[in-house]
There are 2 protein chains.
Amino acid sequence: MQFSIGVEYAFHSLFYMVDLPEHKTIGIKDIAKLHGITVTYLSKIFSKLRKAGIVRSIAGVNGGYELAKGAENISFWDIIEAIEGTSRLFHCIEIRKKNIFVNDPSIFTDKCPCLIKVVIQEAEDLMRNQLKMKSLRWLHDQVHKDFSVEKRKAIADWLKDV
Amino acid sequence: MQFSIGVEYAFHSLFYMVDLPEHKTIGIKDIAKLHGITVTYLSKIFSKLRKAGIVRSIAGVNGGYELAKGAENISFWDIIEAIEGTSRLFHCIEIRKKNIFVNDPSIFTDKCPCLIKVVIQEAEDLMRNQLKMKSLRWLHDQVHKDFSVEKRKAIADWLKDV
DNA sequence: TCTATTGTGGATAATGAGTATCCATGTTAT
DNA sequence: ATAACATGGATACTCATTATCCACAATAGA
């Protein structure tokens, strides 16, 4: 039970896009090369990010992607939910409906929703809310603080040429 | 990205075992019939619960399963971890290692562990801790509070005969 | 207008985890 | 001894994820 690899690709792709100069886009081709994966595969991931309103696409020559809103308004959970979808960790499929006590409805009248589901979803919400509090901007600033001058320059140069 | 169905089978199986009289065991066969699944499949789930120290097995005639400790000492998370394992939601496979900046090690010297992983794991820990606070006993008492006298009797009678 | 560049989406295959069953084996009360 | 019970190996089926190829649409610049 893990997040898909697409979440990691999304995080690391978006991380570099924070430094993109205003009105400059970056092509899928360049990010795919950066990660060593194919263009068409990464495009599926960016398709999800686009539908979630995290990035914006510009078609045609010199087109590409840019962040659809400020990095401070893109949370960790926004990115995860864009890739993983909105489904819950515990999806009660009501196996109780099949159990032997069901034959007598007067005896088997559980309250719905199932309490197990409620408890697990409440715990899940704690996690989600924590992830909603950390933004892509925060991640970017924390990480860049520890980058050397040379590394920041290397990234900036690379972004200039793509 | 969801918990496996085994988690639900485990919860609903253990729920009935709380009412089991002292030193009385229940056979896999009866629980499997209750849920409408095969004995061998449910035995895989109970094998995990046994290895996690949640239930204890007695082989041979009149054998079966019983809780290995008090229901108040079995948390929601204990049950989930027994079935799902201990792996984390976000397992950073370090795609950065493949990226183009790696060719120059003096430039690419990220601190490990990856900050993305740290943040997600901290959020996950909030969820885990919340699930560690709710016990099987608590679930049992909350649900039984709302059960009718007839239903409680039906369950008790069923447990007496298995 | 033509063309090279860039994103979009359908079709498809490979992989791997989860779901599920059957059967052989070991243990134990009667 | 035997019937009842758990255990573990082998196997197959299903399904989401991972991944690629290709045809198509959009667009900037020659």
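Numbered from 1 within each chain, the chains take letters A, B, ... in sequence-line order. Remember, predicted model here, so these are calculated numbers, not experimental data. Just the heavy atoms: all of them, side chains too, but no hydrogens, waters or symmetry mates, feed the values below.
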Those residues at least two apart in sequence (or on a different chain) that pass side-chain hydrogen bond (donor to acceptor under 3.5 Å, both in side chains) with B:Ser4 are B:Glu84
If we ignore hydrogens and angles and just use 3.5 Å, is the side chain of B:His144 paired with the main-chain N or O of B:His140 as donor and acceptor? no
Sorted by chain and number, sequence neighbours left out, side chain to side chain contact (heavy atoms under 4.5 Å, CB included) with B:Gln2 holds for A:Ser87, A:His91
To the nearest 0.5 Å, atom OG of A:Ser13 lies from atom CZ of A:Phe46 at 4.5 Å
Checklist line | Salt-bridge present (B:Asp125, B:Arg88; N to O < 4.0 Å) | finding: yes
Residue pairs passing the salt bridge (charged side-chain N to carboxylate O under 4.0 Å, His left out) test with at least one member in residues 45-56 of chain B, sequence neighbours excluded, are B:Arg56-B:Glu66
I'd like a list of close polar pairs between nucleotides 27-30 of chain D and the protein, N/O only, cut-off under 3.5 Å.
unit_1, atom_1, unit_2, atom_2, d
D:dT27, O2, A:Val61, N, 3.4

Residues passing the side-chain hydrogen bond (donor to acceptor under 3.5 Å, both in side chains) test with A:Gln130, sequence neighbours excluded, are none
**Prompt:** Given D:dA4, is OP1 or OP2 found less than 4.0 Å from the side-chain N or O atoms of B:Lys29?
**Reply:** no
Whichever of B:Leu42 and A:Lys44 has the more 5' nearest nucleotide on DNA chain C, that residue is A:Lys44
The side-chain hydrogen bond (donor to acceptor under 3.5 Å, both in side chains) partners of B:Lys153 (sequence neighbours excluded) come to B:Asp157
B:Asp19 meets the salt bridge (charged side-chain N to carboxylate O under 4.0 Å, His left out) criterion, sequence neighbours left out, with none
Counting the atoms with a prime plus P, OP1 and OP2 as sugar-phosphate, which does B:Ser47 contact under 4.0 Å by heavy atoms, base, sugar-phosphate, or nothing? sugar-phosphate
Rounded to 10°, the angle between the first-five-pair and last-five-pair axes of the helix from C:dT1-D:dA30 to C:dT30-D:dA1 is 10°
Contacts of B:Asp141 meeting side-chain hydrogen bond (donor to acceptor under 3.5 Å, both in side chains) (sequence neighbours excluded), chain-then-number -> none
First and last nt of DNA chain C near chain B, cut-off under 4.0 Å to heavy atoms, 5' to 3', are C:dG18 to C:dT30
Mind listing the side-chain donor-acceptor pairs of residues 71-79 of chain A below 3.5 Å, one per line with the distance, residues two or more places apart or on another chain?
unit_1, atom_1, unit_2, atom_2, d
A:Glu72, OE1, A:Arg137, NE, 3.3
A:Glu72, OE1, A:Arg137, NH2, 3.3
A:Ser75, OG, A:Trp77, N, 3.3
A:Ser75, OG, A:Asp78, N, 3.0
A:Ser75, OG, A:Asp78, OD1, 3.4
A:Ser75, OG, A:Asp78, OD2, 3.1
A:Asp78, OD2, A:Ser75, N, 2.9

Produce the list of close N/O pairs, under 3.5 Å, pairing protein atoms with atoms of nucleotides 15-18 of chain D; give distances to one decimal.
unit_1, atom_1, unit_2, atom_2, d
D:dT18, OP1, A:Ile5, N, 2.5
D:dT18, OP2, A:Ser4, OG, 3.3

Between B:Tyr41 and B:Tyr9, how do the two ring planes meet: parallel, tilted or perpendicular, split at 30° and 60°? perpendicular
task: Could you check whether the rings of A:Phe3 and B:Phe90 sit parallel, tilted or perpendicular, using 30° and 60° as the cut-offs?
output: tilted
